[in-house]
Asker: 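Here it is, the structure, as structure tokens.
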Amino acid sequence: MNNCVVGTGYVGLVTGVCLAEKNNVVTCVDVIEEKVDMIKKGKPPIYEKNLQPLLEKNVKNKRLLATTNLGKAMEKTDIIFICVGTPSKEDGAIDLRHVENAVKNIGKNLANLEETDYPVVVVKSTVVPGTTEKIVIPTLEKHSGKKAGKDFGVCMNPEFLREGDAVKDFLNPDRIVIGEHDEKGGDKLDRVYSWSKAPRIRCTPTTAEMIKYASNALLATKISFINEIGNQCKTLGIDVYDVARGVGLDHRISPHFLQAGPGFGGSCFPKDVKALAKQAEELGLQPLLLKAVLEVNRRQPLKAVDLVEKMLGQLEDRTVTILGLTFKPDTDDTRESPAIPIIKKLLERGANVILHDPKAGEKVKKLFYGDKKVEIFEDPQKAVDLGDATILVTAWREYLTLDYSKTRLVDTRHVIDREKCLEYEGICW
Ligand code: UDX
């Protein structure tokens with residue numbers, strides 16, 4: 001099939017590369033020329049494990065193309081995937097600007113298509129329930145002068161990709177959700193995934209949108225839940241990881257997403273839970289549970305600061321090393337990373353901060369640019385040795401083998417043996 005992917009962020013690029021790997025010809029479209037140029041050269045503009053070799057291979061064999069020209073990309077396309085970002089607005093609602101813009105341009109180009117073989121427009125961007133039906137379809141119809149379900153198909157097909165494992169997740173999905181406005185469009189989208197035996201959920205676009213939000217909200221709830229239990233465990237001298245093992249072996253619960261720590265970050269969980277809660281409020285409902293999930297998560301990283309302050313007696317003019325700035329290992333993404341509120345709180349309490357991250361040092365440097373109390377180190381061992389205490393925020397592999405024998409360590413990830421440290425505190429154990 002010929003596919004076209006609009007937006008070349010994490011989701012768009014992974015979708016494009018993986019579909020090319022599955023023998024489709026895919027054209028990636030982006031408004032940013034530099035990104036398109038990089039993709040054409042086989043270089044991913046973002047860091048994602050295993051993406052680079054697949055991108056290079058499929059650019060070389062001409063299954064993956066890139067352009068800024070949407071009209072050209074759509075000339076022979078069977079399916080157009082919308083993978084642009086949906087950032088948070090101040091009030092927690094999602095900002096649909098990029099989606100609306102992409103949909104408008106896709107609509108205009110649908111109008112120009114002379115020989116159409118029922119192109120299908122697929123929303124992959126995460127959008128609140130109702131968006132495809134109420135905004136995407138009317139906008140496509142308005143700008144194309146054509147009718148959804150008659151001249152072109154529309155589907156909502158959420159992604160469940162974890163950063164760092166996105167390629168693996170795309171190629172081995174647990175399920176494929178096809179929210180179809182029309183059956184013909186749904187059938188065509190289904191054929192794109194013919195290589196996967198994963199169960200299909202054929203439903204309405206609005207149901208598909210809610211499946212995505214409900215999945216992320218439930219996973220985020222598990223994390224805030226285990227963190228709250230963990231905080232109680234810490235007070236009682238219990239290791240919450242022993243508790244989570246005992247709980248997770250119940251097949252109704254499962255052991256996944258019960259790792260207590262500094263709270264969830266990243267581009268999805270915080271944004272999606274906020275957007276779902278905001279929609280509930282707009283509907284006149286009270287999202288009590290979702291609000292609690294967010295509040296537990298807001299407070300959780302600050303526990304690490306309290307622990308390090310207790311260790312050192314006070315933070316004024318003491319130096320605290322932060323190991324890990326990304327929201328999890330194997331990514332360069334610092335969005336909503338728990339490291340950020342931890343650093344801010346340390347500075348607020350008068351500490352000097354040394355930062356280390358194998359991938360994201362430069363990104364965070366920009367955030368604290370000019371702050372004399374913040375230093376970035378290249379060598380993690382030096383960073384640890386020069387701090388009065390260290391907080392391990394991200395479980396990068398290279399941190400597991402450092403020498404902590406002279407270190408006062410707050411471990412937020414349950415990855416360091418306490419016997420190996422001068423002094424040790426776990427965040428929930
Ligand atoms: C998540 C979802 O997993 C994915 O399905 C969705 O499409 C996008 O959002 P991602 O944000 O890449 O993916 O990361 P994930 O691995 O799920 O972790 C999210 C956050 O939760 C991280 O900050 C992680 O450290 C934290 N986490 C995860 C915990 O604190 N405890 C856990 O047990 C699991």
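When a ligand or atom number is given, it counts from 1 through the structure's own listing order.
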Asker: What about Arg162: any of its N or O atoms under 3.5 Å from an N or O on ligand 1?
Answerer: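 There is no such contact.
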Asker: Decide if atom CE of Met311 counts as having more than 12 heavy atoms of other residues, nucleotides or ligands within a radius under 6.0 Å.
Answerer: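 Yes, enclosed.
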Asker: Under 4.0 Å, counting heavy atoms only: does Arg335 come that close to any atom of ligand 1?
Answerer: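 Checking ligand 1 against Arg335, which is what was asked, there is no heavy-atom contact under 4.0 Å.
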Asker: Say whether Gly266 and ligand 1 are in contact under the criterion: heavy-atom distance to a ligand atom below 4.0 Å.
Answerer: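 Gly266 does not count as a contact of ligand 1 under the 4.0 Å cut-off.
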Asker: Looking only at protein heavy atoms, which one is nearest to atom 4 (C) of ligand 1, and how far off is it?
Answerer: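 Protein heavy atom at minimum distance: Leu161 O, 3.5 Å.
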Asker: Counting only heavy atoms not in Lys291 (residues, nucleotides, ligands), do more than 12 fall under 6.0 Å from its NZ?
Answerer: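 12 or below, so no.
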Asker: Determine whether the aromatic ring centres of His414 and Tyr241 lie less than 6.0 Å apart.
Answerer: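 Judged by ring-centre distance (under 6.0 Å), His414 and Tyr241 do meet the cut-off.
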Asker: Starting from atom 1 (C) of ligand 1, find the nearest protein heavy-atom neighbour and note its residue, name and distance.
Answerer: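 I find the closest protein heavy atom is Phe269 CE2, 3.6 Å.
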Asker: Is there a donor-acceptor pair closer than 3.5 Å between any side-chain N or O of Thr334 and the backbone N or O of Thr326?
Answerer: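 Not confirmed, Thr334 side chain does not pair with Thr326 backbone.
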Asker: Among protein heavy atoms, which sits nearest to atom 30 (O) of ligand 1, and what does the distance come to when rounded to 0.1 Å?
Answerer: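 For this ligand atom, the closest protein heavy atom is Ile223 CG2, 3.5 Å.
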Asker: Please list the nearest protein heavy atom to atom 25 (O) of ligand 1 with its residue and the distance rounded to 0.1 Å.
Answerer: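 Heavy-atom neighbour on the protein nearest atom 25 (O) of ligand 1: Arg413 NH1, 3.0 Å.
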Asker: Side chain or backbone, does Phe160 bring an N or O within less than 3.5 Å of an N or O on ligand 1?
Answerer: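 Min N/O separation from ligand 1 is below 3.5 Å for Phe160.
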Asker: Between Gln300 and ligand 1, find which residue part has any heavy-atom pair under 4.0 Å and reply side chain, backbone, both or neither.
Answerer: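 Answer for Gln300: neither.
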Asker: Nearest to atom 12 (O) of ligand 1, what protein heavy atom do you find, and at what distance?
Answerer: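 Residue, atom and distance for the closest contact: Glu163 N, 2.6 Å.
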Asker: Under 4.5 Å between any side-chain heavy atoms of His181 and Cys155, yes or no?
Answerer: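 No, side chains not in contact.
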Asker: Measuring from atom 7 (O) of ligand 1, which candidate in Lys212, Gln259, His256 has the nearest non-hydrogen atom?
Answerer: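 Nearest option to atom 7 (O) of ligand 1, by heavy atoms: Lys212.
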Asker: Considering heavy atoms of the protein only, find what lies nearest to atom 14 (O) of ligand 1 and give residue, atom and distance to 0.1 Å.
Answerer: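 Atom 14 (O) of ligand 1 sits closest to the protein heavy atom Lys328 NZ, 3.1 Å.
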Asker: Is any NZ, NE, NH1 or NH2 atom of the basic residue among Arg202 and Asp190 found under 4.0 Å from an Asp or Glu carboxylate oxygen of the other?
Answerer: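 A salt bridge is present here (some side-chain N lies under 4.0 Å from a carboxylate O).
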Asker: Mind checking whether Phe264 has an N or O less than 3.5 Å away from an N or O of ligand 1?
Answerer: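 No, since none of the N or O atoms of Phe264 sits under 3.5 Å from an N or O of ligand 1.
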Asker: So does Asp250 pair up with Arg252, basic N to acidic O under 4.0 Å?
Answerer: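 Yes, Asp250 and Arg252 are salt-bridged.
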Asker: Looking at ligand 1, does any of its N/O atoms fall within less than 3.5 Å of an N/O of Gly265?
Answerer: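 Yes; at least one N/O pair falls below 3.5 Å.
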Asker: Tell me whether the NZ or CZ atom of Arg200 lies within the 45° cone about the ring axis of Tyr193 and under 6.0 Å from its centre.
Answerer: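 Checked: cation-pi criterion not met.
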Asker: Can you check whether Phe377 reaches Thr321 side chain to side chain, under 4.5 Å on heavy atoms?
Answerer: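 No; the side chains remain at least 4.5 Å from each other.
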Asker: Applying a 4.0 Å heavy-atom criterion (strictly less than), which segment of Leu258 is in contact with ligand 1: side chain, backbone, both, or neither?
Answerer: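 For Leu258, only backbone atoms sit under 4.0 Å from ligand 1.
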Asker: Which option wins on minimum heavy-atom distance to atom 17 (O) of ligand 1: Tyr10, Phe327, Phe257?
Answerer: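 Answer by nearest heavy atom: Phe257.
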Asker: Salt bridge or not for Glu56 and Lys60, using N-O below 4.0 Å?
Answerer: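 Result for this pair is yes, salt bridge flagged.
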Asker: State, with a plain yes or no, whether a side-chain heavy atom of Lys188 is found less than 4.5 Å away from one of Met1.
Answerer: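 Yes, at least one pair of side-chain atoms sits under 4.5 Å.
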Asker: Can you tell me which residue and heavy atom of the protein come closest to atom 8 (C) of ligand 1, and the distance to 0.1 Å?
Answerer: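 Its nearest protein heavy-atom neighbour is Cys268 SG, 3.1 Å.
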